[in-house]
Participant: 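One structure is given below, represented as structure tokens, and several questions about it will come after.
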Amino acid sequence: MRHTPHVRELTDDDATAAWHLGRTAFGSDPQPPPPTTTPTPGTTRYGAFDHTGRLIGKAVDLHHDQWWDGRTVAAADIASVAVTPEARGRGVARALLTTLLRGAHDRGAAISALFPTVAAPYRACGWETAGTLRTVALPTALLTRHQPTPHLTVRPGTPADLTAVDDLHTHTTRHRRGLLARSGPLHEHHRARHTTDATLPYDGLTLVEHHGHLVGYAGWNRRDGYGDHGTLTIEDLAATTADAARELVGILASWHSVAPTLRLPLLPGDPLTPHLPVEKAREHEQDTWMHRPVDVTRAVRDRGWPAHLHGTATFTLDDPLADWNTGTWHLEITNGSADLRRTTTPADLHLTVRGFALLYTGAATARTIAQAGLLHHPTGTDPATLDLLAAGGPAQLGDYF
């Protein structure tokens with residue numbers, strides 16, 4: 001007999017069971033359970049329990065903000081989803097995610113992203129694949145060694161520089177789409193820990209300054225010795241000028257004798273890409289990410305839109321897990337802002353929540369999602385009016401969580 005799991009927020013009393021479930025699901029090395037601690041700020045942890053009270057599933061809502069054309073949008077980004085082997089395929093993940101979405105909606109979240117181990121269970125709950133976080137490997141010896149730029153200063157960073165690093169990151173990401181903002185209780189918690197412990201979040205931090213002002217940085221980890229397998233992995237980087245980008249590339253090139261391989265994430269429009277031999281890059285990792293709305297009205301209202309864009313569209317939306325999104329909607333975009341209101345006007349365009357996710361993230365057009373069965377319309381009706389939702393270009397995620 002199948003019992004509906006009971007889902008609630010996890011407490012300190014659940015910490016040991018949650019740790020064991022995570023260790024089993026993700027294959028981490030056995031070690032003693034962590035001590036009971038207070039909850040991490042900016043997170044909500046959910047557990048699913050069977051009729052005997054045994055923990056059979058868990059998921060974490062990360063209270064992130066994402067940048068969308070100059071505005072931050074509150075997100076419920078999802079991590080650490082795990083279900084016991086004996087309970088898989090019995091609706092546990094769906095029950096967890098349904099409760100998580102409702103809790104995220106109640107706290108004001110607008111959108112949600114995640115990195116799936118397998119996409120199918122999340123598709124069944126309304127998320128859709130919208131992009132890939134790529135990490136490539138380059139031979140360090142092929143990087144160009146530039147002559148130092150006289151007006152730039154290079155120095156190692158310290159924990160005291162992390163605030164300036166975050167400020168520069170904000171400056172370079174705020175007008176893009178989907179990238180995580182370095183704000184909110186969760187980020188402040190992590191930064192405060194490094195400040196208190198006087199540690200960096202990586203092995204080293206290289207700063208490039210112009211008359212004392214930060215114009216570029218690279219946070220890196222050093223692994224695998226100094227032989228043929230030696231690597232330098234760039235975890236975080238930004239530059240605001242071409243000179244700063246070239247300076248960083250020259251510093252990375254200086255590692256060639258002990259770290260023959262450079263690994264770094266590449267995003268379209270990355271400031272370092274024009275200065276790298278990307279034709280020699282090979283894929284190291286690809287992490288697919290998925291997206292969905294938590295609340296469609298907030299998702300549309302709270303983000304920025306291209307200032308030149310003007311238009312309207314009417315459509316119905318079906319969202320089985322978040323009934324507050326289901327209904328007929330009228331979209332209006334003008335002067336860099338948008339509004340989404342319920343309407344009684346009949347609509348020919350019938351959009352699924354997965355189709356909404358693809359349009360919102362700029363991952364597809366209305367015609368292509370119609371071909372995929374995620375948008376339905378009468379024969380002869382042009383669905384392209386819904387390309388309004390896809391305006392501005394594709395979204396990106398640059399941080400794995």
Side-chain angles (χ1 to χ4, degrees), residues 64-65 67 133 135-138 140 143-174 176 179-226 230-259 261-267 269-276 397-401:
H64 286 156
D65 290 323
W67 283 114
L133 173 59
T135 301
V136 302
L138 278 168
T140 314
L143 272 62
T144 302
R145 293 293 302 273
H146 299 280
Q147 289 295 320
T149 305
H151 62 272
L152 296 179
T153 302
V154 179
R155 68 175 177 87
T158 70
D161 295 306
L162 292 177
T163 297
V165 165
D166 285 350
D167 290 343
L168 188 66
H169 181 272
T170 297
H171 178 75
T172 58
T173 59
R174 61 179 291 113
R176 303 183 81 168
L179 298 179
L180 298 190
R182 297 189 174 176
S183 60
L186 181 56
H187 179 72
E188 294 299 330
H189 168 75
H190 290 310
R191 189 166 68 182
R193 184 187 65 193
H194 289 292
T195 301
T196 301
D197 297 342
T199 60
L200 291 168
Y202 10 72
D203 291 344
L205 175 64
T206 298
L207 306 182
V208 180
E209 295 177 327
H210 179 234
H211 298 311
H213 296 286
L214 187 66
V215 292
Y217 71 85
W220 44 268
N221 283 322
R222 178 75 175 89
R223 297 290 186 273
D224 302 321
Y226 57 91
T231 60
L232 184 73
T233 301
I234 305 303
E235 304 290 353
D236 184 22
L237 79 163
T240 59
T241 68
D243 283 346
R246 282 191 290 267
E247 196 78 12
L248 285 172
V249 170
I251 295 164
L252 298 178
S254 72
W255 284 91
H256 71 93
S257 63
V258 290
T261 300
L262 173 70
R263 293 177 185 158
L264 75 164
L266 284 185
L267 295 175
D270 188 290
L272 261 69
T273 299
H275 309 286
L276 293 172
L397 268 179
D399 297 283
Y400 188 89
F401 49 81

Participant: Can you name the closest pair of heavy atoms from Leu272 and Ala239 and give their distance?
Facilitator: CD1-CB, 4.4 Å
Participant: Report the C-alpha separation of His275 and Leu143 in whole Å, then their side-chain angles, then the decisive distance to 0.1 Å, and conclude whether the side-chain contact (heavy atoms from CB on, under 4.5 Å) test is met.
Facilitator: CA-CA 8 Å; His275 309 286; Leu143 272 62; over 6 Å; no
Participant: For Leu200 versus Pro159, what's the shortest heavy-atom pair and its separation?
Facilitator: CD2-N, 3.7 Å
Participant: Quick one: closest heavy-atom pair of Arg222 and Thr231, and the distance?
Facilitator: NH1-O, 3.3 Å
Participant: Please answer whether the main-chain N or O of Ala253 pairs with a side-chain N or O of Thr140 as donor and acceptor at a distance below 3.5 Å.
Facilitator: no
Participant: Rounded to the nearest 0.5 Å, what separation is found between the CG atom of Leu252 and the CG atom of Leu138?
Facilitator: 10.0 Å
Participant: Sub-3.5 Å donor-acceptor pair from the side chain of Thr241 to the main-chain atoms of Ala244, do we have one?
Facilitator: yes
Participant: Pick out which of Thr153, Thr206, Thr149 makes a side-chain hydrogen bond (donor to acceptor under 3.5 Å, both in side chains) with Glu247.
Facilitator: Thr149
Participant: Pairs under 3.5 angstrom only: tabulate donor-acceptor contacts from the side chains of residues 208-215 to other protein residues two or more places apart or in another chain.
Facilitator:
from	atom 1	to	atom 2	distance (Å)
Glu209	OE1	Arg155	NE	3.3
Glu209	OE2	Arg155	NE	3.3
Glu209	OE2	Arg155	NH2	3.1

Participant: Heavy atoms only: give me the nearest Ala259-Leu232 pair and the separation to one decimal.
Facilitator: CB-N, 4.0 Å
Participant: Any chance the rings of His64 and Phe401 have centres within less than 6.0 Å?
Facilitator: yes
Participant: Inspect the surroundings of NE2 in His189 and state if more than 12 heavy atoms from other residues, nucleotides or ligands are less than 6.0 Å away.
Facilitator: yes
Participant: Pair Trp67, Arg176 - check side-chain contact (heavy atoms from CB on, under 4.5 Å), show working.
Facilitator: CA-CA 6 Å; Trp67 283 114; Arg176 303 183 81 168; 5.9 Å; no
Participant: Do side-chain atoms of Glu235 reach the backbone of Tyr202 as a donor and acceptor pair under 3.5 angstrom?
Facilitator: no
Participant: Who pairs with His194 by side chain to side chain contact (heavy atoms under 4.5 Å, CB included), at least two apart in sequence or on another chain?
Facilitator: Leu162, Thr199, Pro201
Participant: With the side chain counted from C-beta on, respond yes when Asp161 and Leu207 share a heavy-atom pair under 4.5 Å apart, and no when they do not.
Facilitator: yes
Participant: Looking at side-chain heavy atoms only, is the closest gap between Arg191 and Asp166 below 4.5 Å?
Facilitator: yes
Participant: To the nearest 0.5 Å, what is the distance between CZ on Arg182 and CG on Leu179?
Facilitator: 10.0 Å
Participant: With distance as the sole test, does Thr196 use its side chain to make a donor-acceptor pair with the main-chain N or O of Arg193 at under 3.5 Å?
Facilitator: no
Participant: Do Trp220 and Thr233 get their side chains close enough for a donor-acceptor pair, meaning under 3.5 Å?
Facilitator: no
Participant: Evaluate the criterion side-chain contact (heavy atoms from CB on, under 4.5 Å) for residue pair Leu168 and Tyr217; output intermediate values, then yes/no.
Facilitator: CA-CA 9 Å; Leu168 188 66; Tyr217 71 85; 3.5 Å; yes
Participant: Go through Leu276 and Val249 one step at a time and tell me if the side-chain contact (heavy atoms from CB on, under 4.5 Å) criterion holds.
Facilitator: CA-CA 7 Å; Leu276 293 172; Val249 170; 4.0 Å; yes
Participant: So do the side chains of Thr135 and Leu264 get within less than 4.5 Å of each other, counting heavy atoms only?
Facilitator: no
Participant: Measure across Asp236 and His169 and return the closest heavy-atom pair with its distance rounded to 0.1 Å.
Facilitator: OD1-CD2, 4.1 Å
Participant: Return yes if a side-chain donor-acceptor contact under 3.5 Å exists between Thr170 and Asp167, otherwise no.
Facilitator: no
Participant: Distance from Arg263 atom CZ to Asn221 atom CG, nearest 0.5 Å?
Facilitator: 11.5 Å
Participant: As an exercise, state the distance from CG of Leu133 to CG of Leu266, rounded to the nearest 0.5 Å.
Facilitator: 10.0 Å
Participant: Can you tell whether the side chains of Arg223 and Asp203 come within less than 4.0 Å, N to carboxylate O?
Facilitator: yes
Participant: Is any side-chain heavy atom of Asp65 closer than 4.5 Å to one of His187?
Facilitator: no
